[in-house]
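Contents: one structure, followed by commentary.
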Protein chains: 4
Amino acid sequence: MSEGKPKRGRPRSIESHQAILEAALSLLAEVGFDAMSIEAIASRAGVGKTTIYRRYAGKEELVAAAIESIRDKVVIADTGSLWGDLDAIIENAAQTTLSPLGRQAVAMIISSASTSTQFAQLYWKNYLHPRRQAFSVVIERAKARNEVKGDLDSGLVFDAMSGIMLYARIFQPATESWQVYVRRALRLLLEKS
Amino acid sequence: MSEGKPKRGRPRSIESHQAILEAALSLLAEVGFDAMSIEAIASRAGVGKTTIYRRYAGKEELVAAAIESIRDKVVIADTGSLWGDLDAIIENAAQTTLSPLGRQAVAMIISSASTSTQFAQLYWKNYLHPRRQAFSVVIERAKARNEVKGDLDSGLVFDAMSGIMLYARIFQPATESWQVYVRRALRLLLEKS
Amino acid sequence: MSEGKPKRGRPRSIESHQAILEAALSLLAEVGFDAMSIEAIASRAGVGKTTIYRRYAGKEELVAAAIESIRDKVVIADTGSLWGDLDAIIENAAQTTLSPLGRQAVAMIISSASTSTQFAQLYWKNYLHPRRQAFSVVIERAKARNEVKGDLDSGLVFDAMSGIMLYARIFQPATESWQVYVRRALRLLLEKS
Amino acid sequence: MSEGKPKRGRPRSIESHQAILEAALSLLAEVGFDAMSIEAIASRAGVGKTTIYRRYAGKEELVAAAIESIRDKVVIADTGSLWGDLDAIIENAAQTTLSPLGRQAVAMIISSASTSTQFAQLYWKNYLHPRRQAFSVVIERAKARNEVKGDLDSGLVFDAMSGIMLYARIFQPATESWQVYVRRALRLLLEKS
DNA sequence: CGGTAAGCGAGACGGTACGTCGCGTCTTAAG
DNA sequence: CTTAAGACGCGACGTACCGTCTCGCTTACCG
């Protein structure tokens, strides 16, 4: 039924497309979301504002796309033990939020998600939900190994872990490293009765 | 010992001060942080922009002060049982973040805290740390009643609880009510081995 | 010969251009130079402030351009006699400075010229010098008719006449009409020895 | 101990009075009329704005008073010959308008006089009219010496001279010095038929 | 294979808000 | 009862970006 593209006229430039995303990402890392302007992005990308507005409705949408463009796919290691898997997950999360860009991305995600339900759902759908699903595999394996209680709600554990990670990253409540702190909190959650 | 104010010139108007904070809060609740302008605040408060800028360096600072101004003092009920106390805390948190203003305030706090370490520390110091301290009393009472393990780290539990609350408020991961969901996560944390 | 404009981007709007000049002139006539604000001009012209600042660096420059835009071309009548010509010139000058706009324009020209050498030179070049040249023709004709001395310096006469006109307009030293007063002074200058 | 004065309360400070005038004059010379602010004058004079506003209704009035305060009294030399007297007058006028302060003062006088009839009358009454009267003495002496025509209107000559001086100062129409130029114009006026 | 429709960089457009400056008034405490 | 200090409500300043709108060009397809 639907054929989205009659495809007349000049097609949209792929170089422009990428230049825009790259400019957006570099500016995001350099000055942060609030301080970056569409005009600066256009200028850095060597592109007219029109070309950006033709693709994205605003800064939020553009930055969301830019972040999306560098998102790597969900990979969850299978180390053979629950805590091996968890340590890998924690370390991976630490890496993600370490770089300036990562830090800005997290801040921007949290900020926009807490401001707008729409963005929250978008991130939930694209980022958190897939990881939540993948995480359930880790828990199922642990159940099979009898490392955790058999009726453990893996979704709840994932949410709690994510919440703690978020909280620890924002407020840095402890003197120990982020990874160690998160690990300690996780132990509280998973302690086998 | 001596204070640093010789108090020369006309003192700053207390009415203006309060009018500004009230205008800021009402606009925050109505249109949200991003959409509110200093000019609108000044106009609603019946005050010149100068009078605002004399007190605050920018919107963030002003809104932080406005939120600060309505922060109620830490009160943690003593119901006689751990879960009675926890339910009171959860309900209180739910109330706080239920109103439009509360929702905006939380969003704004998270947003600014995740953007700037300085703000994060400010909120930690003024808001979270006092509650964390008060919370430890609840846990100590529970320990005395043998409702939880004797070596439980109350700070860690508070952080985990806060993180989960935050996460649940932003991403609404479950269909059940926020309160029920948070309660379920807390049970996971506090299950006596 | 060729102009230096590759003409990229959207060209500047001619309607805006004229609306700005008209708004500036009407406000100049209504409230005077000091009391008129760029914002009021922009608003009356139905134009953004930017559009004005893109064209002119400030109020002085804008008003100078506005006055320039209504400057009519130099016309000096040939009545057949020296005093016929002079009366025409005097009457013309009287008309020019009679209207509110004319009065404001003269005030503004004198004011800015006396404040800044740059403006003085601009008005000299665009307004006074051409008239000074045209005036020399009148004197030459009078010399041919033997109505004035043959070695009369027409430039000097023009300057003296202009100075007297200026002075008489500002300080209104006599009870008689401006025209009659100026005529009397001119007679002093041109009396044939 | 003696209290001869019925005056109650603190008397107005004479030092403040003078400090204000001096500050006004120095700022007038430095930055010009438009760019000087009451606040800057108050600050430089070490005086509160109130103290200025108690004395003067606005900047114009203050500056008028400041200029007035340094106005020297009318002195017209008697050299024994018409052109000796005139040269003294011309030189004196040149000196007055030579200094930065003098230049600013002239500009400010012309500017305000051409903008407002009220100011024009004030300057006419305080400055020009006395000099016009004094000048008539010079002409009368010249008449007695038969250096000029007996029916010469000294007021008209003074006005013409003043107008030419003004015009020459503003527009600098000639390459020769101001003094020489003015002298040349005067000769035109006074040439004995 | 040539017309034409869409995309392109550039940049002007009407706006909104910014943060600053100066106005002329008002309110303190000090003298 | 004046003074210096300085806050007040106000209005304009000139700047930065917003998102939209022409311009004069490509560019690649479709008839």
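So that the names make sense, note that chain A is the first sequence line, chain B the second, and so on, each numbered from 1.
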Notebook entry, point to check: With a 3.5 Å cut-off and just heavy-atom distances, do the side chain of C/Thr50 and the base of E/dG15 make a donor-acceptor pair?
Noted result: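 Yes, the side chain and the base share a sub-3.5 Å donor-acceptor pair.
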
Notebook entry, point to check: Can you find a donor-acceptor N/O pair under 3.5 angstrom joining the side chain of D/Lys49 to the base of F/dG6?
Noted result: no

DNA chain E contacts among [range], heavy-atom distance under 4.0 Å:
range	value
residues 32-46 of chain D	D/Ser37, D/Ile38, D/Glu39
residues 58-68 of chain A	none
residues 9-20 of chain B	B/Gly9, B/Arg10, B/Pro11

Atom pair distance, as rounded to whole Å: [atom1] in [X] and [atom2] in [N]:
X	N	atom1	atom2	result
C/Tyr53	F/dT15	OH	P	7 Å
D/Tyr56	E/dC23	OH	P	16 Å
A/Ile52	F/dC18	CD1	C1'	13 Å

Who pairs with [X] by side-chain contact (heavy atoms from CB on, under 4.5 Å), at least two apart in sequence or on another chain?
X	value
C/Val106	C/Thr97, C/Ile110
D/Glu61	D/Tyr56, D/Ala57
C/Thr50	C/Arg54

Check: Under the salt bridge (charged side-chain N to carboxylate O under 4.0 Å, His left out) test, which residues partner B/Arg71, sequence neighbours left out?
Finding: B/Glu68

Notebook entry, point to check: Would a 4.5 Å heavy-atom cut-off, applied to side chains only, mark D/Ile70 and D/Leu21 as touching?
Noted result: no

Note to self: Between C/Ser112 and C/Met108 (side chain of the first, backbone of the second, donor and acceptor by atom type, cut-off under 3.5 Å), is there such a pair?
What the structure shows: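 Checking the backbone N and O of C/Met108 against the side chain of C/Ser112, a donor-acceptor pair under 3.5 Å is found.
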
With sequence neighbours excluded, what pairs up with [X] under the side-chain hydrogen bond (donor to acceptor under 3.5 Å, both in side chains) test?
X	answer
C/Ser111	D/Ser111
A/Ser99	none
A/Arg10	none
C/Arg55	C/His17

Notebook entry, point to check: Does F/dT15 have OP1 or OP2 sitting under 4.0 Å from an N or O in the side chain of C/Arg54?
Noted result: no

Under 3.5 Å, sequence neighbours excluded: what are the donor-acceptor pairs made by side chains of residues 23-41 of chain C?
from: C/Ser26; atom 1: OG; to: C/Glu22; atom 2: O; distance (Å): 3.4
from: C/Ser26; atom 1: OG; to: C/Ala23; atom 2: O; distance (Å): 3.0
from: C/Ser26; atom 1: OG; to: C/Arg44; atom 2: NH1; distance (Å): 2.9
from: C/Glu30; atom 1: OE1; to: C/Arg44; atom 2: NH1; distance (Å): 3.4
from: C/Glu30; atom 1: OE1; to: C/Arg44; atom 2: NH2; distance (Å): 3.1
from: C/Glu30; atom 1: OE2; to: C/Arg44; atom 2: NH1; distance (Å): 2.9
from: C/Ser37; atom 1: OG; to: C/Ala40; atom 2: N; distance (Å): 3.1
from: C/Glu39; atom 1: OE2; to: C/Lys49; atom 2: NZ; distance (Å): 2.8

Item checked: Side chain of B/Arg8 (C-beta onward), nearest among F/dA5, E/dT20, F/dC13 -> F/dA5

